[in-house]
Amino acid sequence: MPELPEVETTRQGIIPKVINQTITSVVINQYDLRWPIPKTLKTALTGATIKQITRRGKYLLFETSSGTLLIHLGMSGRLLIQPKKHTFAKHEHVNIIIANDCALCYIDPRRFGAILWTKENPHEHKLLKHLGVEPLEREFNGTYLFNQTQKHKTTIKQLIMDSHIVTGVGNIYANEALFLAGINGRVPANSINKKRCDLLVKSIKKVLTKAIKMSGTTIRDFATSSGKPGGFQNALQVYGRTNNPCKKCHTPIQELRLGQRSTFFCPKCQM
DNA sequence: CAGAATACCTGCGGGC
DNA sequence: TGCCCGCAGGTATTCT
C-alpha cells in the first residue's frame, strides 16, 4: 500500500504527537510480521525517549535515546495515533504507549510490513544500506536516471520502481509519473534519451510532491495517522482507470502487466 | 552477474 | 448465498 507519499504523510502526522515523549509501555499482540519483531523490543523501547522521526525511502526511523526503531508499512500497514486503550482492533499488532497517554498503533492485515530495532547507525542496517537515491533529493536528477537506464536492460517502469536505484516510487506513482512524462512504461529503459530522463525525473518529483500535499492515496487500507483517508486518489490520471477515457485525450486507458504489476497507460499520450 | 519468478499474508470483488 | 480464483500501495530471496 504505502509508497513514499503515504509514509511521509504518516511521518508528518505522528511527529507532533510523539517527539520528546517517553515510551511508558509496549504491547505486542503479533510478533510474526515480514520478519519477527525482536524479542528484546519491549525492553529496549520502554523508558526510551523519541528524539526524532526521519524517513529513508519507505522506512520510518524512530530515533530514540537508546536506539532506532525501524518501521516499514508493507502493503497494508498503517500507523495511527489513538488514545491509550485496552482493547485492540483486528490486525492491531503493536501498541507503543507514550507518556501523554496516547498510543502509536501499528495495524497491518497482510503482515508484509516490518518492525525492527537497531543500536547501530540505521543507515548501515542491512535493509537500508543498499537503497537507491531519494527521489525528492537533488541527487535524483536526469543525469543519474540516464546513467541508470544505460546500465539496465529492463523496462523503464520496472527501473523506476527498483528501490535499489531510486527508493519510494511504487506502482501507483510509477504509473502516474510515466503518464505525466508521456512515456510508456513498457519501453526498454536503455531506449530513453537524456531529455526524456530529465522529464521523467521532473514528473516523478511533481507527482510525489503533490501526493504528499494531498496526504497520500487511499485505495483500500491506507489512512493518515488520524485515521482519515488520503486525497490523491481523486487526482489519479491512469491508475485503476482501465477503459475510462484519458483525462487529456479521451482515448480509453489500457492495462497490461509489467513485472507482475498492473500497468495503466494512455496508448495515445504515452509512447 | 542481471533479470525474472517466487514467496510471504489476509481480504475482497467478480464469476459461476 | 457461497465457493473459487485472481488481485491488491512491497520487496527480499530464490531461480535461471
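First the proteins, then the strands, lettered A, B, ... as listed; each starts at 1. All values reported here derive from a predicted model rather than from experimental measurement.
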Residues [X] and [Y]: side-chain donor-acceptor under 3.5 angstrom:
X	Y	answer
A:T22	A:T49	yes
A:T263	A:K157	yes
A:S76	A:D108	yes

In whole angstroms, how far is the [atom2] atom of [N] from the [atom1] atom of [X]?
X	N	atom1	atom2	result
A:L131	C:dA12	CG	C1'	12 Å
A:I156	B:dG3	CD1	P	12 Å
A:L159	B:dA2	CG	C1'	12 Å
A:L73	C:dT11	CG	P	10 Å
A:I160	C:dG10	CD1	C1'	15 Å
A:F222	B:dT10	CZ	P	23 Å
A:L127	C:dG10	CG	P	16 Å
A:E3	C:dA8	CD	P	13 Å

Options B:dC12, B:dA4, C:dG10, nucleotide nearest the side-chain atoms of A:M75: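 Selected nucleotide: C:dG10.
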Donor-acceptor under 3.5 Å (A:N147 side chain, A:Y144 main chain): no
Side chain A:T218, main chain A:F222, donor-acceptor under 3.5 Å: yes
At less than 4.0 Å, is any side-chain N or O atom of [X] found next to OP1 or OP2 of [N]? Yes or no.
X	N	value
A:K151	B:dA2	no
A:K58	C:dG10	yes
A:H152	B:dA2	no

Mind checking the [atom1] distance from [N] to [M]? Whole angstroms is fine.
N	M	atom1	result
C:dT11	B:dC1	P	23 Å
B:dC9	C:dT14	P	15 Å
B:dA5	C:dC7	P	14 Å

The criterion is side chain to side chain contact (heavy atoms under 4.5 Å, CB included); which residues satisfy it with [X], sequence neighbours excluded?
X	result
A:E124	A:N121, A:K129
A:S191	A:V187, A:P188
A:I219	A:I172, A:T217, A:L236, A:Y239

Strand-adjacent residues in residues 105-113 of chain A, judged by heavy atoms under 4.0 Å from DNA chain C: A:R110, A:F112
DNA chain C contacts among residues 252-265 of chain A, heavy-atom distance under 4.0 Å: A:R257, A:R261, A:S262
Can you pull out every salt bridge (Lys or Arg N to Asp or Glu O under 4.0 Å) where at least one residue sits in [range]? Sequence neighbours excluded, please.
range	value
residues 255-271 of chain A	none
residues 53-77 of chain A	A:E8-A:R55, A:R55-A:E134, A:R56-A:E134
residues 177-191 of chain A	none

5' priority, DNA chain B, between A:H91 and A:T154 [closest heavy atom]: A:T154
Lys NZ or Arg CZ of A:K248 over A:F179 ring: under 6.0 Å, within 45°: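 Because its charged atom sits under 6.0 Å from the ring centre and within 45° of the axis, A:K248 does stack over A:F179.
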Quiz item: cation-pi between A:K205 and A:F140, 6.0 Å / 45°: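 Judged by the rule (NZ or CZ under 6.0 Å from the ring centre, within 45° of its axis), A:K205 is not positioned above A:F140.
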Give every pair of a protein N or O atom and an N or O atom of nucleotides 13-16 of chain C that lie under 3.5 Å apart, one pair per line with the distance.
| unit_1 | atom_1 | unit_2 | atom_2 | d |
| --- | --- | --- | --- | --- |
| C:dT13 | OP1 | A:K126 | NZ | 3.2 |

Sugar-phosphate, base or nothing in reach of A:Y239, heavy atoms under 4.0 Å: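 Counting heavy atoms under 4.0 Å across all strands, the contact made by A:Y239 is with sugar-phosphate only.
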Touch class at under 4.0 angstrom, heavy-atom based, for A:F232 against every strand present: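 A:F232: no heavy atom of the nucleic acid under 4.0 Å.
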Linked hydrophobic residues, A:V27 as query - side chain contacts closer than 4.5 Å: A:F88
Sequence-distant partners of A:K213, salt bridge (charged side-chain N to carboxylate O under 4.0 Å, His left out), two or more places apart: none
Canonical and wobble pairing (Watson-Crick, G-U, under 3.5 Å) of DNA chain C, dot-bracket with |: .|||||||.|||||||
